[in-house]
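Values reported hereafter were calculated over all heavy atoms of this structure, with side chains retained and with hydrogens, waters and symmetry mates removed.
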Amino acid sequence: MSDIPTTAPEEESQWVDTGDDEAPPPTYEKPSIERAWQFYESNLPRRIKVSKGGRAGVDMNGMLQLGGSAGSQQSEKGTGYRLARPGETHDPVSGEPARLYDVWNIFAFQQLDEFGIGISLYFRQLLLLFVVIGVCAGVNLMTIMNNVDIINSRREDCPSTLLGSVYGAVREDLKMSNQGNADIATCIILAVFVLLLKRFEDANIENIDLAQQTPQDYSIRVRNLPKNITNPDYYHKFFSEKWGDVVFVSLALDNGPLLKVIAEGRELDEVIDAKRNADAADILSGKSVLKQSDLTPDQVGKQKFGMYVTAELLQERKKAIQDRVAELTKPTYKPVCLYVTFNSERSQRSCLNDCATGLIEEWTGCSNNMGQIDGHVLKIDEPVEPSEVIYENLHLHWFWQYWGIFKAYCLTCCILLASFYILQSLSVSVSDAPSAAPAADASESGNAAYVAAIAVSLINGALPYTLKVITLKLEVHKDEGDVQTSILRKLMVARCLNTAVLMYVVTSHNAQFSKANLGQVQSILIADCLTTPVMRILNVYEHIMHRVVAPTKKTQAQMNVLFRGAYWNLAERYTDMVS
C-alpha cells in the first residue's frame, strides 16, 4: 500500500483563519481517488487465524475465548479462522494479522462458515442445486438429441431456440421410450432433492453453528420483565448468582422514538461536516458559498427536496433535533426486553432449561421454575445475533408489524398488476394457422417475443431494490433476519408470478403451444437466466461510480461512500437461485 501524504499540497495549505465565514478550514484536503481505493481495499473481508479449544467463553472485551489458560478462541470443529471485524488488522489476543480470503480456491467452501449460517448455507445449497440440475440435464440429453433429429427436423420453421423441445411433435412421439422415461426420472430426482433438502439444511446449520462460536451461543433474551426494575445491575446479579458468570447485560427500554431521533441527529452531523468541507472546496475553486439569505422564494421551496441546502438550514434542523431529544428524554421509559451474555455456553443452556415455560404459565404467572422476579414469570429464549437486533423497534406492538406487512403486500400486488398490463400489451398470441404474410408475421412475432423477454428481465431486475425499499419504508421488524425473510417472501412470489404465471395468463388458450408463444417463453427464460449474472460480472454501476461520479465529489468522505463495494443481498440471491 503506497504512502499518501497527510497534509494538503503546498498551494492548497496556505489558507489561514482570517475570521471570514467563507474561509475554508485549514485541515481541508482535496479528495483523492488513491485514498478512496485504499479505503476500498481496507474494507475487503479478511480472516484472522485463531487457536482451537474445547471449552467456550467470552472475555470482558467481547472476544470469544475458549479454554481459559489455553487461550483458545474457537471450537475443535471450526475452520481455524474467524471473520475480522471492520478495520481490524490483527487479533488482540494472539496478534495474528488479518489476511484476505482466497476467492480462487473454490473447493475451500468451508471458509464461508466464517460469514455466518445464512451466507454459508446459501452457497452450499447453490453447489448442491448445481449438481442436481447437472444430473437432470444428463438424464434428458439423449431425449433432447432425439427431438432434434426426429421431431424438430419435420418443421422447417423451427427456430434455433426451440431445438431439442417437443415443438412439432405428434402423439406417437410422446411415448414412454422417447419422452416419458426422461420426464419421470427427472421428476423422481427433483422429488428426492426436495425431500432431502430439509435434512441437508439441518445438518449443515448444525455443523456451521458448532464450527463458529458467536455471542448468540452464550446469550439469552428475557421478556415479560417487571416494569419497575430498570437497573441492569439488578439483572446482572440475579442471573450471575443462579447460573454463573455474566459478561454483558443489555436492557432495552420502550424508547424507540428517542433512539430514532438520536440516530437522525448523528446522520445530520455527518451531513453538516460534509457540507462544511464541500463549501471549503467551493471557496478553494473560487466559487461563492450559497447562503440562506441569497435564496429566492422558489429555491427555498425546493429545499425540502434536498436542493439548495445551506449551512444555516442544516443548523436549524440540528437545533430542532436537539429540542426533540430534550423533549423525549423527559418521560420515564419501561423495560421491554433484556439480553444477557454468559461467560460459558453451559451457563446459557442451564438457564434456558431451568426457565422453560408454557403459554399457560406465562398468562397465569404461576410457575415453579427459577425464572421469576417479583411475581413475573420471565419468558426466556435464545436471541438472534446482537448485530441483528433493531432496538428502536422492540417496543412496537405486533399490530403495527402486521399492518406494515399488509401495506407492503398491497403495494407489491399493484406492481404485479402493472407488470401484467405491460406484458399483456407485449404478449404474442399468434396461432400456427396459415396467414397471408407468414414471413412478416414471423418477423413481427419474433421481435415482440424479444421485447417481452427484455421487459420481464428488466422488471425482475428492478424488483429486488424496489421491494427492499417498500419493506424498509412500510414494514417494522425487530431484527434484520425478519427483514431479509420478508424481502425474500415478496421477492420469491413476485418473480415467480412475473416470469411464469403472468405470461401464462396473458396468453390465449389456442396460442399456448404456438411457435410464437413457445419462442417467447424460451426467450424470457434465456434472458432471465443471463441478464442478471452478466450485469453482476460486468459490474457497470460500480465502474460508473468509481470512474465517473467519484471525481466530481468535493470531500473524501463523499468519495469513499462510492467505494464501499457492490451491493449484496441474501434474499435477492436466494430468489436468483430458484427463479
Side-chain angles (χ1 to χ4, degrees), residues 1-9 12-13 25 27-50 61-64 73-74 78-105 108 111-116 118-120 123 212 214-215 263 266-267 269-278 280-281 385-388 480 536-570 573:
M1 188 175 294
S2 60
D3 295 332
I4 301 297
T6 57
T7 59
E12 296 180 3
S13 60
T27 57
Y28 173 76
E29 293 183 52
K30 186 177 180 180
S32 167
I33 291 291
E34 289 76 13
R35 285 198 295 272
W37 278 113
Q38 288 185 9
F39 173 82
Y40 173 84
E41 293 288 340
S42 66
N43 280 277
L44 291 176
R46 286 171 165 80
R47 62 197 311 224
I48 295 178
K49 188 176 181 179
V50 295
N61 294 320
M63 294 294 298
L64 288 167
Q73 296 172 276
Q74 197 176 84
T79 61
Y81 289 85
R82 67 170 177 85
L83 179 65
R85 299 175 180 84
E88 188 177 14
T89 58
H90 65 279
D91 186 272
V93 177
S94 63
E96 287 286 341
R99 302 177 176 89
L100 290 172
Y101 281 85
D102 184 9
V103 297
W104 301 111
N105 188 0
Q111 65 184 359
L112 294 170
D113 296 351
E114 299 155 22
F115 288 86
I119 293 177
S120 181
F123 282 103
Q212 297 297 319
T214 64
R266 291 181 178 178
E267 293 177 357
D269 287 337
E270 296 179 0
V271 174
I272 292 175
D273 185 62
K275 175 63 177 175
R276 184 183 300 111
N277 289 326
E385 293 293 347
S387 59
E388 295 184 9
E480 293 294 342
R536 286 187 178 139
I537 292 175
L538 296 178
N539 204 13
V540 177
Y541 177 81
E542 291 293 315
H543 287 303
I544 293 176
M545 293 296 104
H546 294 167
R547 291 168 172 78
V548 179
V549 180
T552 65
K553 297 302 179 181
K554 299 177 181 179
T555 68
Q556 192 65 48
Q558 293 175 338
M559 186 177 290
N560 288 348
V561 169
L562 304 178
F563 284 79
R564 291 184 298 184
Y567 170 76
W568 202 95
N569 185 276
L570 185 60
R573 295 308 175 102

Tyr567 meets the ring-ring contact (aromatic ring centres under 6.0 Å, His included) criterion, sequence neighbours left out, with none
So, for Pro45 and Leu100, which heavy atoms are closest and what is the spacing to 0.1 Å?
O-CD2, 3.8 Å
Tightest non-hydrogen contact, residues Tyr40 and Phe563, listed as CD1-O, 3.3 Å
For the atom pair CD (Glu542) and CZ (Arg536), what is the distance rounded to the nearest 0.5 Å?
12.5 Å
Tell me, please, which residues at least two apart from Tyr101 pass ring-ring contact (aromatic ring centres under 6.0 Å, His included).
Phe115
So, taking the atom named CG in Asp91 and the one named CZ in Arg85, what distance separates them when rounded to the nearest 0.5 Å?
8.0 Å
Considering residues at least two apart in sequence or located in another chain, which fulfil the side chain to side chain donor-acceptor pair (under 3.5 Å) criterion with Arg547?
His543
By side chain to side chain donor-acceptor pair (under 3.5 Å), which residues pair with Tyr541, not counting sequence neighbours?
none
Taking all heavy atoms of Ser32 and all of Glu34, pick out the closest pair and write down the distance.
OG-OE1, 2.8 Å
Partners of Ala98 by side chain to side chain contact (heavy atoms under 4.5 Å, CB included), sequence neighbours excluded?
Arg46, Ile48, Ala84
Working to the nearest 0.5 Å, report the span between OG1 of Thr214 and CZ of Arg82.
13.0 Å
Short side-chain donor-acceptor distance under 3.5 Å, Ser387 and Glu385:
no
Taking Val561's backbone N and O only, do any of them form a donor-acceptor pair with Arg564's side chain (distance below 3.5 Å, no angle check)?
yes
Can you name the side chain to side chain contact (heavy atoms under 4.5 Å, CB included) partners of Leu538, sequence neighbours left out?
Val534, Val540
In chain order, what residues pass the side chain to side chain donor-acceptor pair (under 3.5 Å) check against Glu480, with sequence neighbours excluded?
none
Strictly below 4.0 Å, N to O, side chains only: are Arg276 and Asp273 in salt-bridge contact?
yes
Spacing of Asn560 atom CG and Trp37 atom CH2 [to the nearest 0.5 Å]:
12.0 Å
Test side chain to side chain contact (heavy atoms under 4.5 Å, CB included) applied to Val549 - qualifying residues, sequence neighbours left out:
Ile544, Met545, Thr552, Lys553, Leu562
The side chain to side chain donor-acceptor pair (under 3.5 Å) partners of Arg99 (sequence neighbours excluded) come to none
Rounded at 0.5 Å granularity, tell me how far CG in Leu112 sits from CD1 in Ile119.
8.0 Å
Are side-chain heavy atoms of Met559 and Ile33 found at a separation under 4.5 Å?
yes
